[in-house]
Amino acid sequence: MLIATWNVNSIQARLPLVLEWLDRRRPDVLLLQETKCLPGAFPRAEVEAAGYQVADHGEGRWNGVAVLSQVGLDEVATGLDLAAPDGRVEARYLAADCGPLRIASVYVPNGRELGHPYFTYKLAFLEELRGRVARELAGGRPFILGGDFNIAPKDSDVFDPAAFVGQTHVSPEERAALASVLGAGVVDLAALPGQTPSYTYWDYRQGFFRRGLGMRIDLLLGSPDVVSAVELVEVDRSPRQAARPSDHAPLTARLTLDSRAGA
DNA sequence: ATGTCACAAACTTTGTGA
């Protein structure tokens with residue numbers, strides 16, 4: 001199976017690129033983040049015409065997650081319905097059964113600045129996520145949690161660790177909260193022995209992509225039965241090089257799992 | 001040198017979030 005996660009920064013703006021990528025790579029499942037559209041506005045017909053079922057959880061201008069699958073899409077569930085500091089509940093988590101897998105798309109809050117109310121919200125979200133992962137694992141299926149975590153797990157996951165001191169995405173608090181999620185029983189697939197952890201995000205500004213100044217903040221986490229099935233985890237930079245790109249590139253994992261199993 | 005992008009208000013420009 002080929003599993004992918006991609007923060008597209010608006011599915012409306014990125015639809016041509018997403019359709020081209022689906023046709024070229026034919027992932028079994030693609031997890032999306034920052035769809036930035038209301039449920040009724042998701043370009044469902046175009047994606048279905050490409051051969052994918054769609055589950056989306058959108059809220060409009062910001063956030064929004066989706067699961068695209070060509071191996072079945074059942075038991076769809078949203079979650080992590082905690083309120084942001086402004087009192088609104090944001091669309092940041094969507095899980096489904098796809099073939100043999102339980103799989104979830106997550107968009108972790110950015111956090112804005114250390115000590116900001118939205119930073120506290122980010123940490124609270126990750127604590128809720130830990131509990132949610134524990135419950136998904138209790139379902140007994142091979143489980144994958146993929147998405148934009150807005151955390152670089154290690155200093156080697158950012159282009160200049162010194163430049164990030166005092167910033168979000170690298171703080172000990174965020175890394176501890178991510179470690180807590182992993183402690184529920186999932187593993188960072190791109191960081192497995194034999195794989196090469198690569199940047200997944202490059203700021204639009206200042207030519208960061210051209211200059212190779214990126215961060216590894218998009219992750220695929222897997223349960224032990226997924227880990228034992230991992231063949232290759234890689235970042236496909238080609239859509240980041242295209243015209244009108246997202247600031248993130250898709251992260252893919254090829255697994256020795258039978259997509260027909262477990263239905 | 002925060003040098004880009006996307007969205008939506010009620011605008012051909014600005015505020016917001018990333």
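Here is the naming used below: chain letters follow the sequence lines, and residue numbers restart at 1 for every chain.
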### Nucleotide nearest A/Gln206 when distance is taken to its side chain, options B/dG3, B/dC7, B/dT4
B/dG3

#### Entry: Rounded interatomic separation in angstrom, taking CZ from A/Arg240 and C1' from B/dT4
9 Å

### Task
Can you tell me the distance, in whole Å, between the CD atom of A/Gln167 and the P atom of B/dA18?
15 Å

### Query
Quick one: which of B/dC5, B/dA18, B/dG3 gets closest to the side chain of A/Arg112?
B/dA18

#### Entry: Quiz item: cation-pi between A/Arg216 and A/Tyr199, 6.0 Å / 45°
no

#### Entry: Reported CG-to-CG distance for the pair A/Leu126 and A/Asn150, which is rounded to 0.5 angstrom
9.5 Å

### Task
Grab the CH2-P distance between A/Trp62 and B/dT16 for me, whole Å please.
10 Å

### Task
Would you kindly compare A/Gly207 and A/Asp247 by the position of their nearest DNA chain B nucleotide and give the one closer to the 5′ end?
A/Gly207

### Task
Quote, to the nearest angstrom, the C1' distance that separates B/dA1 from B/dC7.
26 Å

### Message
If I take atom CG from residue A/Asp188 and atom NZ from residue A/Lys154, how far apart are they, to the nearest 0.5 angstrom?
### Response
9.5 Å

### Message
Does B/dA6 have its OP1 or OP2 closer than 4.0 Å to a side-chain nitrogen or oxygen of A/Arg14?
### Response
yes

### Query
Which part of the nucleic acid, if any, lies within contact of A/Tyr107, taking any heavy atom under 4.0 Å across all strands shown: a base, the sugar-phosphate backbone alone, or nothing?
sugar-phosphate

### Query
If you measure from the P atom in B/dA10 to the same atom in B/dA6, how many Å do you get, rounded?
23 Å

#### Entry: Nucleotide nearest A/Ser10 when distance is taken to its side chain, options B/dA18, B/dC7, B/dC5
B/dC7

### Query
Within the distance-only criterion (no hydrogens, no angle test), does the side chain of A/Glu34 pair as donor or acceptor with the backbone N or O of A/Tyr107 below 3.5 angstrom?
no

### Query
Counting only heavy atoms not in A/Glu75, do more than 12 sit closer than 6.0 Å to its CD atom?
no

### Task
Identify which nucleotide among B/dC7, B/dG3, B/dT16 has an atom closest to any side-chain atom of A/Ala13, counting heavy atoms from C-beta outward.
B/dC7

### Message
If I take atom NE2 in residue A/His248 and atom P in nucleotide B/dC5, what distance separates them, rounded to the nearest angstrom?
### Response
14 Å

### Task
Would you kindly compare A/Arg210 and A/Asn150 by the position of their nearest DNA chain B nucleotide and give the one closer to the 5′ end?
A/Arg210

### Task
Quickly work out the A/Tyr118 OH to B/dT16 P distance and round it to whole Å.
12 Å

### Query
C1' atom, B/dG3 versus B/dA8: distance in rounded Å?
24 Å

### Query
What is the distance from CG of A/Asn63 to C1' of B/dA8, rounded to the nearest Å?
15 Å

#### Entry: For atom CD of A/Gln12 and atom P of B/dC7, their distance in whole Å
8 Å

### Task
Rounded off to whole Å, could you give me the CD-to-P distance for the A/Gln33 and B/dA18 pair?
15 Å

